[in-house]
Amino acid sequence: MTKSAAIHWFRQDLRLADNPALLVASAHGTVLPVYILDDHNAGQHAMGGASRWWLHHSLLSLNASLDGKLSVYAGDACEIIPDLVARMGVSTVYWNRCHEPWRIRRDARIEADLNARGFSVQSCNSSLLWEPGTVKKTDGTPYRVFTHFYRKGCLGAEAPRAPLQRPGKVKWHRDTMAAKEIDELDLLPRIPWHRQLEPHWTTGEFGAAARLEEFLEGGIWQYKDGRDLPAKPFVSRLSPHLRFGEISPHQAWHAIRAVFDDEHVDKFCSELGWREFSYNLLHHNPDLPRRNLQSRFDRFPWVDDDTLLSAWQRGLTGVPMVDAGMRELWQTGYMHNRVRMIAGSFLVKNLLLHWNHGERWFWDTLVDADLANNSASWQWIAGCGADAVPYFRVFNPVTQGRKFDKNGEYVRRYVPELAGLPDKFLHCPWEAPAHVLSQSGVEPGITYPGPIVDLRESRERALSAFAALKRDK
Ligand code: FAD
């Protein structure tokens, strides 16, 4: 390669269209496209199992779009990038900025190192509509309340830029000396758990575009209220595609706004706004994934109980809405947002288990596991985050089920052992008379567990614990 060629380092931007750094790099004519699996610097934030499965397929798809010229590596990017630059004799490395604290630290180190050796780095924004730090209150401090952040901060700022074209004619170059094959990254789980995920997703940039298209044709028309119905196809399911950058938020925002402009579109755009809010929180609170934003929660009397945690993880709590959600997660790598709130609230409020347990399990099993969204959402559910759900709001899985899964379609899909129960008892089988249970083929404790906690008592226990914390503040 010559000094006039460039490196584009793919990270969370696994696409060719609307990729600002790649587009600038392509002006060099010859580009070495690179991906590095950097568990070394990620440490405890190394990707979980479901994300690795997704990444494997996303890289295969990206490699196909690059005529098989993607160079992949595993290891410390702080060593790999400088070594590559020196070996390939290029002058500039391009990347799109990432916002996880460990990536920010690492990228700053690499940039300083390259600059000191006379090479340059050019970075762009590709993954957020408004980069953290650009949306602030008039007094210069960050927003902590979502509605103000979104309505005043984001919508009051410059509108998101229009998506960019794919790079034109580029000569892709591969490092034939040191690059690995994608299979050698060893991303697939050792047990064949991923086989069940496969039918639910089409990974890669084209899969993301197809998903968006499908949502534009169907779900968006019912999004505002339909987004709360877990059995219905009224949400976009774009989250893993956004997480891996197979589609940019700019592409989603403009595609939706181009079709029409109504309350459904506004609601969808405000959900993209929640994603921005999470990243903003992470930017201003780098400890968000581990530490309570409200430090008084450090004194909260969490319970330590592996049996309860395991029942929750396996979808065997005896509470149908919770179990349906946890099984949807295990079987598809995704859980509907309404059910994430129900299952999350059950873990931290009814079981009183620390939200870190939920955050870790989701991190490992969600295909859309995202450091900012996951940690901000868990803190929101636990009541210890910014603009969090009030401590006295304990989601009741029975009333939530009756409201949002009225006909039991969702519970019957994921908890088939209860399918024969009449709707009236589907969300609370413990209330069903013995003859109804036996007619429905349900044997409590044998075909389906009894509830692992009493919903009313555990709610009262949580409320007292939260109230005590509030009094002591
Ligand atoms: P849609 O309703 O179609 O929304 C479109 C997009 O907006 C989503 O893809 C997502 O990028 C964004 N979005 C929607 N809701 C939220 C939200 N509440 N917070 C932030 N962004 C949002 N989302 C993740 O992407 N990764 C996570 O790891 C994650 N963990 C969560 C953990 C808990 C306990 C909870 C309650 C929520 C979590 N969420 C997470 C947020 C939300 O549940 C998902 O983004 C959403 O369910 C994804 O489905 P969708 O793409 O169909 O969403």
Side-chain angles (χ1 to χ4, degrees), residues 12 45 47-48 50-51 54 100 127-129 146 149-150 200-201 208 211-212 214-216 218-220 222-230 232-249 251-253 255-256 264-282 288-289 312 322 325-326 328-329 332-349 355-389 393 395 400:
Q12 317 218 76
H45 300 308
M47 264 177 254
S51 300
W54 190 286
E100 288 78 6
S127 63
L128 291 173
L129 300 168
F146 171 72
F149 166 82
Y150 182 64
H200 301 280
W201 304 101
R211 189 82 277 282
L212 175 63
E214 210 176 304
F215 179 59
L216 287 175
I220 186 66
Q222 318 229 28
Y223 185 75
K224 188 165 171 281
D225 302 315
R227 64 183 282 277
D228 274 322
L229 309 176
K232 304 292 176 199
F234 300 148
V235 287
S236 71
R237 289 176 190 256
L238 281 173
S239 49
H241 300 288
L242 283 163
R243 152 69 184 83
F244 285 93
E246 296 171 351
I247 188 170
S248 73
Q251 289 172 302
W253 176 281
I256 299 276
H264 300 292
V265 170
D266 286 343
K267 187 71 195 153
F268 180 80
C269 289
S270 83
E271 293 307 313
L272 289 177
W274 271 103
R275 180 174 177 270
E276 303 284 316
F277 185 55
S278 301
Y279 273 91
N280 216 56
L281 285 178
L282 182 62
L288 188 75
W312 179 80
V322 174
M326 298 309 293
E328 178 184 27
L329 175 60
T332 70
Y334 174 92
M335 193 197 297
H336 187 278
N337 181 60
R338 171 59 46 188
V339 196
R340 290 186 203 205
M341 294 193 283
I342 299 169
S345 169
F346 184 79
L347 181 85
V348 294
K349 295 192 173 164
W355 61 268
N356 282 165
H357 291 299
E359 189 269 343
R360 284 276 93 193
W361 183 253
F362 274 27
W363 182 257
D364 198 28
T365 52
L366 276 173
V367 284
D368 64 23
D370 173 289
L371 198 63
N373 275 357
N374 200 31
S375 40
S377 301
W378 275 103
Q379 294 231 18
W380 182 87
I381 282 288
C384 55
D387 195 12
V389 66
R393 174 121 195 250
F395 285 75
Q400 291 277 314

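Position 1 is the first residue of the sequence, and the numbers go up from there. Indexing begins at 1, ligand by ligand and atom by atom, following the structure's order. Given the structure is predicted, the values throughout are model-derived calculations rather than measurements.
Of all the heavy atoms of F277, none lies under 4.0 Å from any atom of ligand 1, so neither backbone nor side chain is involved. Residue contacts with ligand 1, taken as heavy atom pairs separated by less than 4.0 Å, involve F362 solely via side-chain atoms from C-beta onward.
The shortest heavy-atom distance from Y334 to ligand 1 is under 4.0 Å. Not a single heavy atom of F215 lies less than 4.0 angstrom from ligand 1. For W380, the heavy-atom gap to ligand 1 stays at 4.0 angstrom or more.
The aromatic rings of F362 and W312 sit parallel to each other, their planes meeting at less than 30°, with 60° as the upper class boundary. Below 30°, between 30° and 60°, or above 60°: for W274 and F277 the angle between ring planes is above 60°, a perpendicular geometry.
Ion pairing between a basic and an acidic side chain is recognised when a charged N comes within 4.0 Å of a carboxylate O; D368 and R275 show no such pairing. Ion pairing between a basic and an acidic side chain is recognised when a charged N comes within 4.0 Å of a carboxylate O; E214 and R237 show no such pairing.
Summary of contacts: the protein heavy atom closest to atom 47 (O) of ligand 1 is N337 CB, 3.4 Å. Annotation: atom 38 (C) of ligand 1 to nearest protein heavy atom, S377 OG, 3.4 Å. The nearest heavy-atom contact from the protein to atom 17 (C) of ligand 1 is W274 CB, 3.8 Å. Among all protein heavy atoms, the one lying closest to atom 40 (C) of ligand 1 is R340 NH1, 3.2 Å. If you check which protein heavy atom lies closest to atom 5 (C) of ligand 1, you get F268 CE1, 3.4 Å. In terms of protein heavy-atom proximity, atom 2 (O) of ligand 1 is closest to Y223 OH, 2.5 Å. Ranking protein heavy atoms by distance to atom 32 (C) of ligand 1, first place goes to N374 OD1, 3.4 Å.
With ligand atoms numbered from 1 in the order given, ligand 1 contributes 26 (N), 27 (C), 28 (O) to contacts under 4.0 Å with heavy atoms of D370. For ligand 1, the atoms sitting less than 4.0 Å from at least one non-hydrogen atom of S236 are 1 (P), 3 (O), 5 (C), 50 (P), 51 (O), 52 (O), numbered in the order shown with element in parentheses. Listed by atom number, the atoms of ligand 1 under 4.0 Å from A369 heavy atoms are 28 (O). Atoms of ligand 1 lying under 4.0 Å from at least one heavy atom of L242, given by number and element, are 9 (O), 11 (O). Heavy-atom proximity to S239, at under 4.0 Å, picks out these atoms of ligand 1: 9 (O), 25 (O), 48 (C), 49 (O), 51 (O). Near R275, with a cut-off below 4.0 Å to any heavy atom, the atoms of ligand 1 are 11 (O), 20 (C), 21 (N).
For atom 16 (C) of ligand 1, the nearest non-hydrogen atom from the set E271, R237, E359 belongs to E271. Proximity annotation for atom 6 (C) of ligand 1: of D368, L238, L272, L272 comes nearest, heavy atoms only. Comparing V339, N373, L347 by heavy-atom distance to atom 25 (O) of ligand 1, the nearest is N373.
To the nearest 0.5 Å, atoms NZ (K267) and CG (D225) are separated by 9.5 Å.
Of the possible polar contacts, none joining the R211 side chain to the L238 backbone as a donor-acceptor pair under 3.5 Å is found.
Nearest heavy-atom pair across P289 and H45 is CB-CE1, 3.8 Å. Between T365 and A50, the closest heavy-atom pair is O-CB, 3.2 Å.
The side-chain heavy atoms of S248 and W253, taken from C-beta on, include no pair separated by under 4.5 Å. The side-chain heavy atoms of R338 and F395, taken from C-beta on, include a pair separated by under 4.5 Å. Considering only heavy atoms from C-beta on, Y334 stays 4.5 Å or farther from L329 through its side chain. Using a 4.5 Å cut-off on side-chain heavy atoms (C-beta onward), M341 and F346 make no contact. Under the 4.5 Å side-chain criterion, counting only non-hydrogen atoms from C-beta, W355 is not in contact with I381.
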